[in-house]
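Shown next, in structure tokens, is the structure this report addresses.
Since the structure is predicted, the reported quantities are computational estimates derived from the model, not experimental observations. The residues of the chain are indexed from 1 along the displayed sequence.
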Amino acid sequence: MSISPEEWKQEQARVDLIRDKLTRQLLQLEPNVGQLKDQVVDIRKHFWDEVTVNLANDDDVLETFLSMKQQAEILSERERSHRHLKKLADRMNRLLPTPYFGRIDFKEDGSGGSERVYVGVSSFLDEDGETFLVYDWRTPIASLYYDFPPGPGEYDTPGGLIRGDIELKRQFIIRNGRIEFLFDTGMMIGDELLQEVLSKGAGSQMKTIVATIQKEQNRIIRNDRTRMLIVQGAAGSGKTSAALQRVAYLLYKHRTTLKADQMVLFSPNPLFNSYVSTVLPELGEENMQQTTFQDYLHHRLGRKFDIEDPFEQIEYVLQDEANKPDYPARIDGIRYKASADFLRLIQRYRDHLGQEDMIFRDYRFRGRVLISHEQMLAQFYSYDPSIRLPNKVVLLKEWLLRELKVLEQEERKADWVREELNYLDNEQYHQAYSRLRNRQQDDEAGFDDADQEEELLKAMIVKEKFKPLRSRTRNLRFVDVPALYRKLFEDRGLAQRLADPEPLPRMWEEICAYTLGRLSRSELPYEDATPYLYLQETIEGFRTNTIVRHVLVDEAQDYSPFQFEFLKRLFPRARMTVLGDFNQAIFAHSTTLQGQTPVADLYGEEETERIVLHRSYRSTKEIVEFTRGMLQDGMDIEPFQREGGKPQVTTAPMPADLVRRMAGDIAALHAEGHLSIGIICKTAAESELAYNELLGTADLRLIRKDTPSFEKGVLVIPAYLAKGVEFDAVLLYDASAANYSRETQRKLFYTACTRAMHRLYLYSAGPLSPFVTALDPSTYELHSIHT
């Protein structure tokens, strides 16, 4: 619907008015912010100058305590006031260039007239403190903007459902206070606004999407009912962006009870953490905790094992299998150890260990066995069989501590203790003497009896020597978890009985040999790390974090049932948002988010909701039509109607010819204004090769698994590290049949291609990958270089 010049002028006048009010309030606010900051700094600097410290008697101690408490309360109040005003000023400064992006005129049923509701990234009140000039996009009434076209509409409030009519829905693009685009729409969020936003280049950080949230994304953001929310979305469907806006929404709605540090995001790699790090601060919220599952595994097991990370594993999987005799067994093992079948086997093993076959370590001291593993086994299995395994371990720990106390007393009589007494130097003797003296009830008594003094010194010496044994006991290190895990692969009969009725993998013998070989070198393959930790926790008792209230898992298709079960136990009070795309399941251990899976069953059907996003917004229509042809169910993916050039496929007999073409294509892309370019390779080794070949033709940056930040420019990156990020243009370095032909590589190929927003180039020395040749030739342009 066209906007008359007069209406445009009125809307611009309102923008000017809002900016004027923002500027005036900021001028009043900022001096107060500065004064409070100075006061906080001054109080901290002179804290002790204002405190009277006198500890002469009880009254003086009380006066000192009250003086310190009063000063601390003054400091705390000033800090709170400063934080509040600083946050308010930051919100106003964010609104200044773009006060709002939407307007709805809503007439509530039974009311006399309609209300104009302007929607922006945060709320702004008039000087009376009551009139909303701008509504935060997270307010209940703002949901009308996302969920309904003009006509009947409703929104939920704490007081109940509000119904009425939307008489007008208007969208704005405002930059630096000037309205650049303005239109009314009968749709959800008009294509015009999306077209304008999506036509822009990719940046080094993910953009906020609050101005272009679609109805299905709004369902994700405002879902506050279910324990588990599963979002299955096509590449570029906005699932990660929506999930981050969801965090901002939950922090806003539950601001009195939920803090950012009570939410945690498990992301695919550290690079992705950098990519999404600005989204929440741009919305006025603190960043939540961000980590990777590998970080947690390393934290828990890194002292015992050299733990393989998932990127080392995928590098192995993607390499040529011809020269690896153990390759088929390793792949078989990776899949089995990530399966629900292996999870059930471990759980049956736990039950079995409650009855027999526990393995304990002897307690050895000065070359002899103090407490044998046979004694521990006898004690362990003397407990009531109905007691849970972790509780039995705790009972054994308490028994061991009692035994150590008795043995410690007996050890004082040993000859070595008397010899140790003779080697105490003066300093050690005086330290021991001082410590022992302080334990006496009567400090004045001293040591009148030399024999008493000697016995006390012996007790101290033995106690110190037994200290590691007590520490080992309290930390449950008497349980030989490595041996228990190895036993699963050493005893085929045991494994078969535990696996029943599910069969063991066809190559079980080879899997066992490979696993035992790695364990013998204190190496833990990635596929073993979570099962091992799960076994350890199921024996010793699961560690829990009751502080975290919400967990988000991105790229969830790359998590195993073990990992989901572990997250559920680790965060027992948390809700979970799981995001993934089965078509990007590039790891050999990947699971599916479709159908009845352990992911869907984690909290039961009643507490689980699934939302599927079919529409892809990242890439142009031509790129989506090209990439969806690679998938069996690709026609379910709906391209957004944003036009662009067809993918360009170039073949040549010699790789050197392709390198020259790539250099020219990069220069042309820069000339078109595309500043974010990804040269995507299959592996880290291929990335190194591409980087060296193209060095000097462009300003390149090589991305490795430990690269800490994502920056704009020409990045050379392995496909598995590019998941979740996007580029203006993507150059697929080697799209040949020699490089991509196995069916297991199809999703990696698809993932690499779907990183492109505007341009996609593929290069092949020799025959093209069958993933391209099987496509409709009309979906791409083919070029051949002849030398």
Side-chain angles (χ1 to χ4, degrees), residues 227-230 262-269 289-305 307-310 313 333-351 353 388-390 393 476 479 481-482 484-485 488 524-580 585 587-593 597-604 607-608:
R227 181 80 184 272
M228 162 75 89
L229 177 63
I230 299 174
Q262 293 176 294
M263 309 183 85
V264 60
L265 168 66
F266 281 87
S267 58
N269 53 64
Q289 300 181 69
Q290 293 174 263
T291 187
T292 65
F293 201 85
Q294 178 67 16
D295 286 339
Y296 184 74
L297 290 173
H298 192 269
H299 168 69
R300 294 299 313 280
L301 300 173
R303 293 180 181 178
K304 293 181 183 177
F305 296 101
I307 306 173
E308 181 185 52
D309 65 43
Q313 186 196 71
I334 289 171
R335 290 173 180 153
Y336 180 66
K337 290 172 184 176
S339 70
D341 286 352
F342 193 52
L343 173 59
R344 286 189 288 271
L345 184 149
I346 294 287
Q347 290 168 339
R348 293 173 192 139
Y349 190 30
R350 169 200 61 203
D351 298 337
L353 293 174
R388 293 174 61 248
L389 184 62
V393 171
L476 308 182
V479 181
V481 180
L484 286 168
Y485 192 70
L488 282 173
L524 202 57
Y526 184 70
E527 63 267 24
D528 287 285
T530 307
Y532 179 94
L533 185 57
Y534 186 87
L535 175 64
Q536 177 177 299
E537 300 267 296
T538 202
I539 293 170
E540 299 177 355
F542 278 87
R543 299 189 184 188
T544 59
N545 181 322
T546 56
I547 303 298
V548 169
R549 307 308 295 272
H550 206 109
V551 174
L552 291 94
V553 181
D554 205 0
E555 303 296 348
Q557 72 278 354
D558 294 332
Y559 283 65
S560 70
F562 268 108
Q563 290 169 316
F564 279 113
E565 183 69 23
F566 203 91
L567 290 174
K568 176 187 175 181
R569 290 177 179 269
L570 180 60
F571 303 108
R573 297 183 63 191
R575 294 172 180 245
M576 196 177 292
T577 300
V578 169
L579 317 159
F587 290 92
H589 61 263
S590 296
T591 187
T592 172
L593 300 177
T597 68
V599 183
D601 294 339
L602 206 61
Y603 295 106
E607 292 194 87
T608 301

Kindly indicate whether the side chain of Leu265, heavy atoms from C-beta on, has any atom under 4.5 Å from the side chain of Gln289. no
With no hydrogens and no angle check, just 3.5 Å: does a side-chain donor-acceptor pair link Glu555 and Gln557? yes
Please report the shortest heavy-atom distance between Phe562 and Ser339, naming the atom on each side. CE1-O, 4.1 Å
Contact check, side chains of Leu301 and Leu524, non-hydrogen atoms, under 4.5 Å: yes
Of all heavy-atom pairs linking Arg227 and Pro572, the shortest is NH2-O, 2.7 Å
For a quick test of reading the model, state the closest non-hydrogen atom pair linking Lys568 to Leu602 and the distance between them. NZ-O, 2.8 Å
Under the criterion side chain to side chain contact (heavy atoms under 4.5 Å, CB included), I'd like the reasoning laid out for Ile539 against Val393: C-alpha separation, chi angles, the key distance, then a yes or no. CA-CA 7 Å; Ile539 293 170; Val393 171; 4.0 Å; yes
Might you work through the side chain to side chain contact (heavy atoms under 4.5 Å, CB included) test for Leu353 and Leu389, ending with a clear yes or no? CA-CA 8 Å; Leu353 293 174; Leu389 184 62; 4.2 Å; yes
Can you say whether the rings of Phe342 and Tyr485 are parallel (under 30°), tilted (30 to 60°) or perpendicular (over 60°)? perpendicular
State, yes or no, whether a side-chain contact exists between Val551 and Phe266 at a heavy-atom distance under 4.5 Å. yes
Enter the distance from Gln563:CD to Thr530:OG1 here, rounded to the nearest 0.5 Å. 4.0 Å
Pairing of Asp351 and Arg348 as salt bridge, 4.0 angstrom limit: no
Hey, are the side chains of Thr577 and Leu579 touching, using non-hydrogen atoms and a 4.5 Å cut-off? yes
For the residue pair Gln262 and Val548, establish whether any side-chain heavy-atom pair is separated by less than 4.5 Å. no
Under a 4.5 Å cut-off applied to non-hydrogen side-chain atoms, are Val578 and Met228 in contact? yes
Is there a donor-acceptor pair closer than 3.5 Å between any side-chain N or O of Glu308 and the backbone N or O of Tyr526? yes
Can the ring centroids of Phe305 and Tyr532 be said to lie less than 6.0 angstrom from one another? yes
How long is the straight-line distance from CD1 of Ile334 back to CG of Asp528, given to the nearest 0.5 Å? 9.5 Å
Could you walk me through whether Leu570 and Phe542 pass side chain to side chain contact (heavy atoms under 4.5 Å, CB included), step by step? CA-CA 7 Å; Leu570 180 60; Phe542 278 87; over 6 Å; no
Apply side chain to side chain donor-acceptor pair (under 3.5 Å) to the pair Lys304 and Gln536, showing each step before the final yes or no. CA-CA 12 Å; Lys304 293 181 183 177; Gln536 177 177 299; 2.9 Å; yes
Side-chain donor/acceptor of Thr538 to backbone N/O of Tyr534, under 3.5 Å: no
Is there a side-chain contact between Leu488 and Ile346 (heavy atoms, below 4.5 Å)? yes
If every non-hydrogen atom of Arg569 is compared with every non-hydrogen atom of Thr544, which pair is closest and at what distance? O-CG2, 3.4 Å
How are the rings of Phe566 and Phe293 set to each other: parallel, tilted or perpendicular (split at 30° and 60°)? perpendicular
Taking Arg335 first and then Glu527, would you say they form a salt bridge - that is, a charged N and a carboxylate O separated by under 4.0 Å? no
What verdict does the side chain to side chain contact (heavy atoms under 4.5 Å, CB included) test give for His550 and Phe571, after you've listed the backbone C-alpha separation in whole Å, the side-chain angles of each residue and the deciding distance to 0.1 Å? CA-CA 8 Å; His550 206 109; Phe571 303 108; over 6 Å; no
What is the minimum heavy-atom distance between Ala529 and Ile307, and which atoms define it? CB-CG2, 4.1 Å
Closest non-hydrogen atom pair between Pro310 and Gln294, with its separation: CD-OE1, 3.5 Å
Minimum side-chain heavy-atom gap Met576-Leu229 below 4.5 Å: no
So how far is it from Leu567 CG to Asn545 CG, rounded to the nearest 0.5 Å? 11.5 Å
In this structure, CG of Leu535 is separated from CD of Gln347 (nearest 0.5 Å) by 11.0 Å
